[in-house]
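Worksheet for the structure shown next.
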Amino acid sequence: MVLIQKLVYFLTDCREKIHSHTKEMESILLVHGGAGNIRDSRVLPKTEIVKQAVKKGYEILNKGGSAVDAVEEAVRIMEDNEYLNAGKGSVLNSNGEVEMDASIMDGRDLNAGAVAVVKDIPHAITLARLVMEKTPHVFLAGAGAVEFAKTVGMPILPPGSLVTKDAEEALANFRKYGDPQGDNYGEVGTVGAVALDSKGHVAAATSTGGTIGKMPGRVGDTPLLGSGTYADDEVGAVSTTGHGESIQKMCVAHTIINEMKKGMNAQEATNLVLKRMTEKLKNTAGAITVSKKGEIGVGMTTRRMPWAYIKGNKLVYGIDPGSSQSETL
Ligand SMILES: NC(=O)C[C@H](N)C(=O)O
């Protein structure tokens, strides 16, 4: 009798496992364009950019592409946009140079790639992906990362090519007036994406020029696994933005993952960890989260953060805390 019961349990378990592996998930792509004290005049353009990026990235998921491909594509599109703080348009360090950080993580096997303090590379996120796929390492920084980019045939731009007029003006203002709001990372934003693909795999990617007027060589949260980016198929994926030093101290991305592991949904975990960080360290941040079950989390303790996601035929987006709009595609 006991044996028969055990056999029944075993067969049920097998059936469930097979079922869960073959069941198609509804794909989700969720992106952000950086949290901060965003002026009213920038609300519309920033909202448009995140909508464009999510639409382009979602085409990959629609064709059955992987979560990793989708997050990389969405981030590349935002890196190309001069109004966001990644790739061209990145904020400048105290020497007037662009130094970028990026990371990408694949929830299937926790494979990851990151780069920090890289110059003259239009797509730091793709370099991070190549570190993940073509080296035995997870993280390359500075001149070594740029050397690696050359060996894999990535274009290296002439020095200063990623510096924009806006970024120069912003640095000049920063030098003159400092950072009256205390969140100089906000006017142009870091970019990030999280995805769940139809096979149930998650991925996350984040890319930034860091903080305006930063010391040369400064590394923020963005390239650090567990701070700026994290993805694990067992739980979900997170990308963060905001005050990098605080995000690092609280390991915000992985702490959100941990809260979900303990039972919170994606939205609750995102809100809780950001609130905790802001209460404890008196600095602000934002995060986007997708869970393996397809829950969405969008949170910010900043004034604003542009974000957008597509799930099925619905595009949902927003920029102010607690409000969103949607369109049927
Ligand atoms: N805009 C940002 O999100 C800045 C980024 N988190 C950093 O500190 O490098």
Side-chain angles (χ1 to χ4, degrees), residues 31-39 42 46 49-50 75 78-79 81-94 97-103 114-119 124-125 128 139 141 162 164 166-167 170-171 174 179 181-194 204-230 238-256 270 273-274 277-278 281-288 298-307 319:
V31 308
H32 72 74
N37 190 14
I38 297 162
R39 272 181 271 168
R42 298 219 177 191
K46 282 191 187 245
I49 298 161
V50 290
V75 166
M78 294 188 281
E79 285 177 332
N81 194 294
E82 290 192 19
Y83 294 103
L84 298 175
N85 177 16
K88 190 158 182 137
S90 285
V91 297
L92 307 180
N93 67 15
S94 59
E97 293 170 323
V98 166
E99 285 183 339
M100 296 162 293
D101 301 336
S103 63
V115 294
V117 205
V118 294
K119 295 180 184 177
I125 198 63
F139 200 154
L162 298 173
T164 61
D166 270 5
L171 182 65
F174 176 75
D179 176 25
Q181 260 98 27
D183 59 355
N184 57 50
Y185 44 86
E187 251 316 272
V188 281
T190 290
V191 306
V194 293
T206 318
S207 181
T208 190
T211 49
I212 191 167
K214 66 185 180 181
M215 290 172 69
R218 177 261 188 190
V219 176
D221 56 305
T222 301
L224 300 179
L225 303 182
S227 290
T229 302
Y230 207 79
V238 182
S239 168
T240 72
T241 162
H243 188 254
E245 282 70 15
S246 302
I247 296 171
Q248 289 180 53
K249 289 174 190 169
M250 304 281 290
C251 300
V252 168
H254 197 264
T255 308
I256 292 173
T270 306
V273 176
L274 293 172
M277 188 203 97
T278 295
L281 301 176
K282 314 287 176 241
N283 285 306
T284 52
I288 54 171
V298 174
M300 65 196 92
T301 55
T302 46
R303 180 173 172 212
R304 288 181 166 135
M305 178 182 76
W307 58 272
I319 189 163

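Because only heavy atoms are used, hydrogens play no part in the values below, and waters and symmetry mates are left out as well, while side chains stay in. In each ligand, atom 1 is the first atom listed, and ligand 1 is the first ligand listed. Keep in mind that what you see is a predicted model, and the values were worked out from it rather than measured.
One finds the CG atom of L162 at 11.5 Å from the CD atom of E97 (value rounded to the nearest 0.5 Å). Summarising the geometry, atom CG belonging to N283 is positioned 8.5 Å from atom CD belonging to E245; distances are rounded to the nearest 0.5 Å. Separation of atoms NE2 (H243) and NZ (K282) is listed at 13.5 Å; rounding is to 0.5 Å.
Polar contact with ligand 1: absent for H243 (N/O pair, distance under 3.5 Å). For ligand 1, the polar-atom distance check against I247 finds no nitrogen or oxygen pair separated by under 3.5 Å.
Neither the backbone nor the side chain of E99 has any atom closer than 4.0 Å to an atom of ligand 1 (non-hydrogen atoms only).
Close approach of ligand 1 to T211 is summarised as follows: ligand atoms under 4.0 Å from at least one heavy atom of the residue are 8 (O). Against a heavy-atom cut-off of under 4.0 Å, T241 is close to the following atoms of ligand 1: 2 (C), 3 (O). Counting atoms of ligand 1 from 1 in the listed order, those under 4.0 Å from a heavy atom of G210 are 4 (C), 9 (O). Close approach of ligand 1 to D221 is summarised as follows: ligand atoms under 4.0 Å from at least one heavy atom of the residue are 5 (C), 6 (N), 7 (C), 8 (O), 9 (O).
For the 3.5 Å distance criterion, the side chains of T229 and S103 qualify, holding a donor opposite an acceptor. With no hydrogens or angles considered, no side-chain donor-acceptor pair links T302 and T284 at under 3.5 Å.
Remark: E79 does not engage K88 in a salt bridge, criterion side-chain N to carboxylate O under 4.0 Å.
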Side-chain atoms of residues 221-228: list all donor-acceptor pairs with protein atoms under 3.5 Å, sequence neighbours left out, distances to 0.1 Å.
from : atom 1 : to   : atom 2 : distance (Å)
D221 : OD2    : T240 : OG1    : 3.2

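Note on ligand 1: G34 sits outside its first shell, no heavy atom being nearer than 4.0 Å. Note on ligand 1: E245 sits outside its first shell, no heavy atom being nearer than 4.0 Å.
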